[in-house]
> 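Once you've had a glance at the structure underneath, I'll fire off some questions.
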Amino acid sequence: MASAFEYAPAPESRSIVDIAPSYGLFIDGEFTDAADGKVFKTVSPSTEEVLSEVAQAGSEDVDRAVKAARRAFEKWSALPGSERAKYLFRIARIIQERSRELAVLETLDNGKPIKETRDADLPLVAAHFFYYAGWADKLEHAGFGAAPRPLGVAGQVIPWNFPLLMLAWKIAPALATGNTVVLKPAETTPLSALFFADICRQAGLPKGVVNILPGYGDTGAALVAHPDVNKVAFTGSTAVGKEIARTVAGSRKKLTLELGGKGANIVFDDAPIDQAVEGIVGGIFFNQGQVCCAGSRLLVQESIQDELLESLKRRLATLRLGDPLDKNTDIGAINSEEQLSRITTLVEQGEAEGAERWSPACEIPSSGYWFAPTLFTNVTQAHRIARDEIFGPVLSVLTFRTPDEAVAKANNTPYGLSAGIWTEKGSRILAVANKLRAGVVWSNTFNKFDPTSPFGGYKESGFGREGGRHGLEAYLDV
């Protein structure tokens with residue numbers, strides 16, 4: 001007999017979004033075929049259905065787009081900041097008007113739950129454009145000199161985990177500071193960037209100011225290496241980030257890299273357990289753990305380990321995995337078959353190395369790419385699952401006895417992107433946070449973002465900051 005408290009299906013309608021059978025590259029304000037005619041298909045991770053066919057940019061297309069951006073730069077950079085701001089405000093308002101459509105599109109193409117795209121991604125996308133629109137006519141007051149100048153053409157390469165949000169993080173400050181843009185979205189999630197191209201036309205943005213080039217790694221490599229690109233911004237894996245750094249070394253290109261992470265979520269014995277459990281769940285299972293700043297290592301003080309794990313397992317048993325378009329769904333689909341294979345391999349290695357695996361009972365759909373929320377106990381710092389970025393819904397649990405031990409374990413990683421601290425003592429929060437080598441440290445919360453706050457990492461998590469006043473510097477000649 002079904003429980004009275006079971007959730008009835010509540011799917012969001014797909015009819016709100018009209019996906020065309022095919023899309024071209026967006027160059028100089030127009031959609032166009034790739035020079036060599038190549039195309040690729042983008043599929044829905046939850047069903048494996050083909051959503052659309054997309055033009056695949058090659059080096060000749062990259063050259064066309066960079067030249068278009070260079071031509072547009074002269075007039076765009078010469079506009080008063082107040083005029084550039086009008087375009088950014090208009091883009092932000094159109095994103096708000098089309099937010100339901102864009103949320104459904106993002107869920108279809110990415111696999112994340114609709115309540116995340118609807119309630120987190122899209123509001124933040126619009127907020128970034130509103131925020132940087134406000135800076136466009138105030139750059140001389142940003143602390144970077146009396147008359148900061150734009151760099152020129154920005155080549156931007158974004159990942160698949162937050163396709164539209166990463167686009168906003170990069171395009172909004174670039175346009176506000178007077179630069180023009182050539183952006184390459186990830187090959188598994190090109191659709192929201194192409195819809196954004198349509199928003200640019202709807203907003204009347206001058207031709208060539210924003211260019212969108214879907215494609216694979218070779219497209220991104222050609223964009224990064226192009227001699228007429230003045231600024232490179234990349235969010236993605238550490239391995240690719242290192243290759244990009246080698247490519248631009250010795251050139252005059254300005255570079256920011258936001259790379260991988262292995263964030264530590266530290267729970268002290270005086271932490272509010274129920275609140276911490278919600279933060280742990282949000283820290284690692286939000287977007288199926290496919291978050292560079294995910295709290296994938298849980299460091300819990302020994303004296304409360306049993307109590308916390310009991311509460312955490314009880315909470316994980318309530319998570320709902322399934323159709324990402326269902327507004328009740330907590331855990332959506334993994335973005336691609338390739339990513340699912342990586343997660344599976346690392347989890348199997350964790351078991352082989354002696355860690356104890358646990359997952360709540362949940363039904364896995366027959367089609368699509370799925371992985372149940374998983375936690376590992378009996379984990380040591382030597383385990384690969386405690387060292388490597390899994391980029392999936394997998395939590396490694398370690399313990400500590402003293403604050404110094406917690407800090408030492410949290411910092412024992414080549415990464416340095418994020419961390420969380422759970423305690424009722426403000427003095428402990430400040431003392432521990434000051435010792436953590438992480439670009440973002442959350443206290444009694446996790447995965448909270450705001451366009452006014454800078455974001456970035458240390459060590460192999462990259463360098464440079466996006467967001468806030470600090471995010472302007474990467475696009476200015478200062």
> Hey, are T188 and S336 close enough side-chain-wise for a donor-acceptor pair under 3.5 Å?
no
> Please check if atom CD in Q381 has more than 12 non-hydrogen atoms from other residues, nucleotides or ligands closer than 6.0 Å.
yes
> First locate atom CG of N447, then atom CG of N287, and finally report the distance between them rounded to the nearest 0.5 Å.
9.5 Å
> Could you check, using the six-membered ring where one of them is a Trp, whether W169 and F455 have ring centers closer than 6.0 angstrom?
yes
> Flag the pair R314 and E310 as a salt bridge only when some basic side-chain nitrogen lies within less than 4.0 angstrom of an acidic carboxylate oxygen.
yes
> Just checking, R465 and Y458: is the charged tip under 6.0 Å from the six-membered ring centre and within 45° of the axis?
yes
> Under a 3.5 Å distance rule, please check whether T117 uses its side chain to pair with a backbone N or O of A103 as donor and acceptor.
yes
> Considering non-hydrogen atoms only, spot the tightest contact between G468 and Y132 and give its length.
O-OH, 2.8 Å
> Once you round to the nearest 0.5 Å, how far does CD1 of I304 lie from OG1 of T399?
11.0 Å
> Between Q305 and L308, is there a side-chain heavy-atom distance shorter than 4.5 Å?
no
> Does the side chain of E389 come within less than 4.5 Å of Y415's, by heavy atoms?
yes
> Checking D388 now: which residues fulfil side chain to side chain donor-acceptor pair (under 3.5 Å) with it, not counting sequence neighbours?
R384
> Which atoms form the tightest heavy-atom contact between G392 and I343, and what is the distance?
CA-CD1, 3.6 Å
> What is the minimum heavy-atom distance between E12 and R100, and which atoms define it?
OE2-NH2, 2.8 Å
> If the condition is salt bridge (charged side-chain N to carboxylate O under 4.0 Å, His left out), which residues does K231 pass it with, not counting sequence neighbours?
none
> In the structure I gave you, are the side-chain heavy atoms of P454 and E466 within less than 4.5 Å of one another anywhere?
no
> Determine, step by step, whether T329 and D323 satisfy the side-chain hydrogen bond (donor to acceptor under 3.5 Å, both in side chains) criterion, reporting the C-alpha distance in whole Å, the side-chain angles of both residues, the deciding distance to 0.1 Å, and the verdict.
CA-CA 7 Å; T329 295; D323 180 9; over 6 Å; no
> Would you please test F376 and H383 for side-chain contact (heavy atoms from CB on, under 4.5 Å) and show each step?
CA-CA 11 Å; F376 276 100; H383 281 110; over 6 Å; no
> Please check: side-chain N/O of N161 versus main-chain N/O of Q290, any donor-acceptor pairing under 3.5 Å?
yes
> Hey, are the side chains of V281 and L312 touching, using non-hydrogen atoms and a 4.5 Å cut-off?
yes
> Test R428 against D270 for salt bridge (charged side-chain N to carboxylate O under 4.0 Å, His left out), laying out the working first.
CA-CA 11 Å; R428 177 180 282 167; D270 62 341; 3.2 Å; yes
> Cation-pi between K112 and F162: NZ/CZ under 6.0 Å from ring centre and within 45° of the ring axis?
yes
> With a 4.5 Å limit on heavy-atom distance, are the side chains of V62 and L213 in contact?
yes
> What's the verdict on side-chain contact (heavy atoms from CB on, under 4.5 Å) for E473 and L476, showing C-alpha distance, side-chain angles and the deciding distance?
CA-CA 5 Å; E473 184 178 4; L476 291 172; 5.8 Å; no
> Look only at the side chain of K327 and the backbone of I114, and say whether a donor-acceptor pair between them is shorter than 3.5 Å.
no
> Could you list the residues that satisfy ring pair (Phe, Tyr, Trp, His ring centres under 6.0 Å) with F73, not counting sequence neighbours?
none
> List the steps and the verdict of salt bridge (charged side-chain N to carboxylate O under 4.0 Å, His left out) for R93 and E97.
CA-CA 6 Å; R93 288 194 296 269; E97 291 165 3; 5.8 Å; no
> Any salt bridge between D404 and K435, counting N to O under 4.0 Å?
yes
> Can I get a per-line list of side-chain donor-acceptor pairs under 3.5 Å for residues 438-446, giving both atom names and the distance, sequence neighbours left out?
| unit_1 | atom_1 | unit_2 | atom_2 | d |
| --- | --- | --- | --- | --- |
| W442 | NE1 | K448 | O | 2.9 |
| N444 | OD1 | T423 | N | 3.1 |
| N444 | ND2 | T423 | O | 3.0 |

> With rounding to the nearest 0.5 Å, note down the distance linking CG in L223 to CG in D218.
11.5 Å
> Do the two ring centres, one from F268 and one from F400, sit under 6.0 Å apart?
yes
> Counting distance only, does the side-chain N/O of N179 pair as donor-acceptor with the main-chain N or O of L151 below 3.5 Å?
yes
> Please check this pair: side chain of R357 against backbone of G350, looking for a donor-acceptor N/O pair closer than 3.5 Å.
no
> Donor-acceptor pair, N230 side chain versus V153 backbone, under 3.5 Å?
yes
> To the nearest 0.5 angstrom, please state how far the CD atom of Q288 sits from the CG atom of L340.
11.5 Å
> Please check if any side-chain donor atom of S192 sits under 3.5 Å from a side-chain acceptor atom of E106, or the reverse.
yes
> Please report whether the ring centroid of F129 lies less than 6.0 Å from that of F196.
yes
> Measure from the side-chain N and O atoms of R437 to the backbone N and O of N411, and report whether any donor-acceptor pair falls under 3.5 Å.
no
> Hey, are the side chains of V182 and V210 touching, using non-hydrogen atoms and a 4.5 Å cut-off?
no
> Heavy atoms only: give me the nearest T189-D109 pair and the separation to one decimal.
CA-OD2, 3.2 Å
> Is the backbone of S359 close enough, under 3.5 Å, to the side chain of T374 for a donor and an acceptor to pair up by distance?
no
> Please confirm whether the backbone N or O of Q301 pairs with a side-chain atom of R401, one donor and one acceptor, at under 3.5 Å?
no
> Given W370, which partner from the list I331, L321, I334 fulfils the side chain to side chain contact (heavy atoms under 4.5 Å, CB included) test?
L321
> Testing the basics here: between A264 and L299, what is the closest heavy-atom pair and its distance to 0.1 Å?
CB-CD1, 4.0 Å
> Say whether, by atom type as modelled, one donor and one acceptor occur between the side chain of Q156 and the main chain of K170 under 3.5 angstrom.
yes
> Answer whether the closest heavy-atom distance between the side chains of P393 and F286 falls below 4.5 Å.
no
> For residues L472 and A142, report the shortest heavy-atom separation together with the two atoms involved.
CD1-CB, 4.0 Å
> Check this for me, if you would: do R84 and D137 make a salt bridge, where the nitrogen-to-carboxylate-oxygen distance has to be below 4.0 angstrom?
no
> Do K242 and E460 meet the salt-bridge criterion of a basic N to acidic O distance under 4.0 Å?
yes
> Do Y87 and W76 have ring centroids that are under 6.0 Å from one another?
yes
> Is the number of heavy atoms from other residues, nucleotides or ligands within 6.0 Å of CZ (R246) greater than 12?
yes
> What I'd like to find out is whether the side chain of I171 reaches to under 4.5 Å of the side chain of L175, using heavy atoms alone.
yes
> Going by the rule side chain to side chain donor-acceptor pair (under 3.5 Å), which residues pair with E83 if we only count those two or more places apart in sequence or in a different chain?
K86
> Nearest 0.5 angstrom please: L298 CG to S396 OG, how far?
9.5 Å
> Quick check for you: to the nearest 0.5 Å, what is the distance between T177 atom OG1 and Y475 atom OH?
8.0 Å
> Which residues satisfy the ring pair (Phe, Tyr, Trp, His ring centres under 6.0 Å) test with F391, sequence neighbours excluded?
W160
